[in-house]
S.K.: 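My structure is below; once you've seen it, I'll send some questions.
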Amino acid sequence: MNLPIFSRQQTKETSWYQKGDKIIPATMGLVPSDLTSLGQRNSGFYEHRRSSVVLNLPGLEVFPGDLLVSDGAADYLCHPLLLLNSESKKPRWPFSKRGLQSKDKNKHISDLENCLSSVTITDFRGYEFFSYKDKTWNEVMETHQNLPNDQLDPRKQQEAVWELFTSECTYFLDHLLVLKMIFMNTLKYLQIHEYLLDVNLWRLFANLEELTQTSLGFVNGLFGVMKDYLDAAETSPSVDFISVLTKYFRGSLCQSHQTYCLNYSAAIFYLESLRQRDDFGIYLKWCEQNEQCRRLHLPELLVAPLHRLTRYPLLLKNIWKRSTDPTEKIMIYSIKEKVEKSIRDLEGKVKWLDNYQKFRQLQEIIVWPPLWDRDKRFFIPECLKHIFKEHMAENILSPTNRHLIYEGKLTLAESTRLLDVYLFLFDDFLLVTKTKRNKKKLGGLDTGLMCPSLTPELQTVIKEGGSCTVLDQPIPLDRLVVKSIDPLHMSVFGLRNAFLIQHENRYRQCIAAFLLQAQTENIKKTWMAQITAAISSFTKSQETKKISPYTLPSESSEI
């Protein structure tokens, strides 16, 4: 009696299936009919081909009967369905060994280095103004003997304008173009060839393209008016630079720098997280070894736009001081004020953005346990726990409602042990939490998005996928009492630099107390001073609100 194709014959030790005219033992624990039905149930990708089993892997169809394996197939081959025994920990197939991963890694690094060797950096020093960037105004004037040299006041103003021009040339050629042509374009080239695909160009370079184009236009504009003055000889009494300053400083120059500077802190932190990768380190080393970098590293180049923006008012002030025409002086001064206002706005925006990012991450890592977990005295049946859902706990840490004044790590003395705690002092309450670390990163935040102003302690907690669990309810500052503890009283318990925090209710009854220990006496004094100042400030603000209840709050100058 002929068996149907791919049917199973059960024996005590071995499963069999028929393929064509042959009966073959199912040595992999499951016969093809099992794998086929499994594939039909799950993905529908398994098909019958000339080998007994067909596995569709991403980017490649693998036929185990033909021993065809892709580079990434080793991870799939360890699946329990493909093992002789589901309890066996060692794969039967020799090409799925762990050594394959290190070989793949070395091959990837080698391929990356070969790809970098094919990158060509075009010479970007062919601009007409390149030969002028290292010359002084006196050297330029000596090459034009027909220009009047006896007018001292215009000469001083021209020197100031020339200083603005040459410094902008250096900024454009030695910083912006190096960033764009060597670092950014090389990274784009690698990504085209499928390397470093997960590196985000915007997070690293922001609007560098826009910044480069704007600076180039500003350099060309200044160079044009200076060149016109030199070419016009005696017919041109002065340099007409006001129109160029007005066009760019009241246009896109300050705005493009603001956009870049707002991303700078995140870019530097993102760069630090990328440095830990071998492939990115090879790319970074290759770029920084280029002679046009002038031994500057990527962080030194990325900070250049910030330094340039803060230097603009000084250069404009120098031109203003050396100008004699009253109308020109008024216009130059107004442009300088415009740039200084842009810098002040940027400082407010950076501060607000950093505060917003910090609070957003605090919301991620601070865990608010429910009532029955905070205090075991409260028994809540499962059927009633939905009533106690604390909606406010999700939004209590909002940057629009409060500010973080001080934070840090302390030690909490409990009855039988010392507990590491982390305190957050806000402008209206104090929060006591205990840090919980995970040895493995289980859902930790992307370190590339981590706020740079977070303390090293919190950064470590985030990287390890940990959290800060609230020990008790927030302590309002008008219900908080802080007291220093005499060392003599604590010497018996082995505590040093201790102070006490009491939480009182509206009837001035103490409902909670925390005996805290600082690492040093100075840290203890700092904590007590910060808490006392916060309590005083909060009390004054509350009294002011009571006096003028109908007064609308003024808008923050930081936004």
Side-chain angles (χ1 to χ4, degrees), residues 129 132-133 135-138 140 151-176 206-207 210-229 236-264 303-353 556-559:
F129 51 77
Y132 289 90
K133 77 182 185 74
K135 291 184 178 181
T136 65
W137 182 244
N138 289 333
V140 173
Q151 299 178 358
L152 296 180
D153 291 339
R155 179 75 171 268
K156 292 181 179 179
Q157 184 196 60
Q158 293 161 8
E159 289 176 350
V161 177
W162 185 257
E163 182 184 6
L164 174 62
F165 163 70
T166 53
S167 61
E168 189 71 21
C169 284
T170 302
Y171 168 60
F172 171 74
L173 293 169
D174 296 346
H175 294 92
L176 295 183
N207 62 328
E210 176 192 2
L211 205 60
T212 305
Q213 292 298 322
T214 304
S215 180
L216 175 61
F218 185 43
V219 171
N220 282 328
L222 289 175
F223 181 66
V225 297
M226 301 302 289
K227 187 178 179 182
D228 291 343
Y229 172 74
S236 180
S238 61
V239 180
D240 183 21
F241 60 90
I242 296 295
S243 58
V244 178
L245 298 185
T246 304
K247 176 182 178 181
Y248 284 94
F249 282 113
R250 292 183 176 177
S252 58
L253 191 64
C254 291
Q255 184 61 41
S256 58
H257 277 83
Q258 273 201 12
T259 304
Y260 179 90
C261 294
L262 284 173
N263 185 72
Y264 170 74
V303 77
L306 277 75
H307 293 165
R308 186 60 183 171
L309 181 60
T310 56
R311 197 182 174 196
Y312 282 137
L314 301 177
L315 295 169
L316 291 172
K317 184 178 181 180
N318 194 26
I319 299 174
W320 171 77
K321 288 170 61 177
R322 300 188 179 191
S323 298
T324 55
D325 184 84
T327 304
E328 278 189 354
K329 288 182 74 73
I330 292 174
M331 296 185 68
I332 296 171
Y333 189 83
S334 65
I335 294 173
K336 181 183 75 72
E337 288 291 308
K338 172 77 174 177
V339 178
E340 290 178 343
K341 182 180 182 300
S342 176
I343 295 175
R344 289 194 299 270
D345 291 343
L346 174 63
E347 291 174 349
K349 290 177 181 178
V350 169
K351 186 177 181 180
W352 184 90
L353 179 62
S556 173
S557 60
E558 296 176 358
I559 301 178

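Bear in mind the structure is a predicted one, so any value in this text is a computation, not a measurement. If you read the sequence from its start, that first residue is 1, and numbering goes on from there.
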S.K.: Could you tell me whether F218 and F249 have their ring centroids closer than 6.0 angstrom?
M.R.: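 Ring centroids of F218 and F249 are less than 6.0 Å from each other.
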S.K.: Which heavy-atom pair separates C169 from F129 by the least distance, and what is that distance?
M.R.: SG-CD1, 3.7 Å
S.K.: Does NZ or CZ of K227 lie under 6.0 Å from the centre of the six-membered ring of F223, at an angle within 45° of the ring axis?
M.R.: no
S.K.: Using a strict threshold of under 4.0 Å (side-chain N to carboxylate O), is an ion pair present between E168 and K133?
M.R.: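 A salt bridge is absent here (no side-chain N lies under 4.0 Å from a carboxylate O).
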S.K.: Looking at V161, V225, L164, which one forms a side chain to side chain contact (heavy atoms under 4.5 Å, CB included) with V244?
M.R.: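 Filter result, single survivor: V225.
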S.K.: Are a donor atom and an acceptor atom from the side chains of W137 and Q158 found within less than 3.5 Å of each other?
M.R.: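 Yes.
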S.K.: Start with the C-alpha gap between Q255 and T259, add the side-chain angles, then the distance that decides, and say whether side-chain contact (heavy atoms from CB on, under 4.5 Å) holds.
M.R.: CA-CA 6 Å; Q255 184 61 41; T259 304; 4.0 Å; yes
S.K.: Would the distance check show the side chain of Y248 and the main-chain N or O of G217 forming a donor-acceptor pair, the cut-off being under 3.5 Å?
M.R.: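 Flag set: sc Y248 to bb G217 pair under 3.5 Å.
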S.K.: Considering non-hydrogen atoms only, spot the tightest contact between L309 and V339 and give its length.
M.R.: O-CG1, 4.5 Å
S.K.: Could you pull out the closest heavy-atom pair between P313 and K336, with the gap in Å?
M.R.: O-CD, 3.8 Å
S.K.: So which heavy atom on H257 is nearest to which on P305, and how close?
M.R.: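 Smallest heavy-atom distance, with atoms named: CD2-O, 3.5 Å.
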S.K.: Who pairs with Y264 by side-chain contact (heavy atoms from CB on, under 4.5 Å), at least two apart in sequence or on another chain?
M.R.: I268, L302, V303, L306
S.K.: Nearest 0.5 Å please: distance from the CD atom of E210 over to the OG1 atom of T214.
M.R.: 5.0 Å
S.K.: Going by distance alone, is a donor N or O of one side chain under 3.5 Å from an acceptor N or O of the other, for R250 and S342?
M.R.: no
S.K.: Looking at Q258 and L346, what are the two nearest heavy atoms and their distance?
M.R.: O-CD1, 3.8 Å
S.K.: Could you report the tightest heavy-atom contact between T166 and K135, atom names first, then the distance?
M.R.: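 Smallest heavy-atom distance, with atoms named: CG2-O, 3.9 Å.
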S.K.: Restricting to side-chain contact (heavy atoms from CB on, under 4.5 Å), what partner residues turn up for K341, sequence neighbours left out?
M.R.: R344, D345
S.K.: Are the side chain of S215 and the backbone of L211 linked by a donor-acceptor contact shorter than 3.5 Å?
M.R.: no
S.K.: Applying side-chain contact (heavy atoms from CB on, under 4.5 Å) to E328 and Q157, what does each step give before you reach the verdict?
M.R.: CA-CA 11 Å; E328 278 189 354; Q157 184 196 60; 2.8 Å; yes
S.K.: Taking only residues two or more places apart in sequence or in another chain, which ones pass side-chain contact (heavy atoms from CB on, under 4.5 Å) with N318?
M.R.: A160, E163, R322
